[in-house]
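First the structure, in the form of structure tokens, and then the observations on it.
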Amino acid sequence: MQPIKSPAFFLGREEKGLISFGSGTPDLPPPKEVFKVLPHYHAFKYGLVQGQVNLRTDLSKEHPGSNFNDFVITNGASEALDLSIRYIAQQGGKKILIARPYFFAYPELIELAGMKPVFTDLVDGYIDLADFAQKLEECDGAIINSPGNPSGTVQSHKTMREIEKLSKDLDKWIISDEVYKDIIYVKDNYQLKGNKIIRVDSFSKTYDMTGYRIGYIYSKNKDVISNAVQMKSATSLNTSILSQQMAHAATKVHKKYVKDHIKIWKKRRDYMYEGLQKLGLETWKPDGAFYILAKMKNPYKVMMDLYYKHKVVVFNGEWFGAPDKIRFSYALDIPEIEEGLKRLKRYLRK
Ligand SMILES: Cc1ncc(COP(=O)(O)O)c(C=O)c1O
């Protein structure tokens, strides 16, 4: 049995009969308008490093108070996070606060930028504001992720407003990772504003376009934008011009597409949550995104057994700073969820 050290082991892996509650890749197709671009698009030269003007203009229409100069189009939210974190390091930043359990890439990105992650523990998925505020004082900034991966929680407006105020009063950077902002079941999400707010988002989850790698930074801070473009000029240059035109086509169907998909995600969320409850697993009901954390002893062994003996993928909670949990993604259809839960039941019975 080959050891499994990170989510990268499972990314892009397809095996017959495998049920994957692993990576957060939606199985639903992107809007069909996206594919209409393909037969007609013949551009092939370098594009603008900051991103094509039509896509940035689309985004400015979705973000009141913005204009197309406030965006940088990136290779997914992943590059947007990397550029934002490195920007803070360039400004002399040493420590970044993150809420635990966290998206697995945060600590590594912070360390790659030469900084140190500092942790504040979520309480049943929610930010403990007193602890957050106290720890933010010793840090240069924080990353907020609402709706969260792997928590599935949406932070309250009160919490988000308080964080916005802390950013202003303490003069701290806040990177707001909003890749799940359109996948919310219970309440709306509050979007942070301010001179030290860097919003990171992508087309991966909203439009089911993970493989096309379109993300972006949105900030009203001109220095953030110009530095991100400068760094990108030395690393990846422009984001795929073809994918940007596919994203441009996707924005034309935003509202209806998102609304229809929420119904599907919500059904899956309910099915998954109830299924895990019936198996007696301790979980909380997600407010958004498409992940559920379940309490489990020895998550590494559970992940290995489930994959090698039952052909089921789950993620080790240790990767997310939750060593007493496993993470399920429910980005798969109900018959597959049903089969996966059956296999899980068989395993747990043993
Ligand atoms: C919280 C969070 N941020 C960022 C990303 C990266 O997204 P992208 O595919 O846009 O790079 C993911 C992907 O799963 C995620 O869950």
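One-based numbering, in listed order, for ligands and for the atoms of each. Counting from 1, the numbers follow the sequence of the chain as shown.
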Distance under 4.0 Å to a non-hydrogen atom of Gly76: what atoms of ligand 1 satisfy this? 10 (O), 11 (O)
Tyr180 ring center near Phe290 ring center (under 6.0 Å): yes
One residue to check: Ser78. Relative to ligand 1, which of side chain, backbone, both or neither has a non-hydrogen atom less than 4.0 Å away? both
Charged N to carboxylate O under 4.0 angstrom, Lys95 versus Glu138? yes
Has Thr210 got any heavy atom lying under 4.0 angstrom from an atom of ligand 1? no
For the hydrophobic clusters of this structure (ILVMFWY residues joined by side-chain heavy atoms under 4.5 Å, transitively), does one cluster hold both Ile214 and Val253? yes
Centroid separation under 6.0 Å, is that true for the rings of Phe10 and Phe315? yes
Is it true that Tyr207 and Phe203 have ring centroids separated by less than 6.0 Å? yes
Would you kindly specify which portion of Phe203 sits under 4.0 Å from ligand 1, judged on non-hydrogen atoms: side chain, backbone, both or neither? neither
So for Glu79 against ligand 1, with non-hydrogen atoms under 4.0 Å, the contacting part is neither
For atom 4 (C) of ligand 1, which of Thr206, Asp177, Ile214 has the closest heavy atom? Asp177
Checking contacts here: is it the side chain or the backbone of Ala77 that comes within 4.0 Å of ligand 1, counting heavy atoms only? Could be both or neither. both
What about the rings of Tyr273 and Trp284, do their centers lie closer together than 6.0 Å? no
Just to confirm my output: which protein heavy-atom neighbour is closest to atom 12 (C) of ligand 1, and how far is it? Phe103 CZ, 3.4 Å
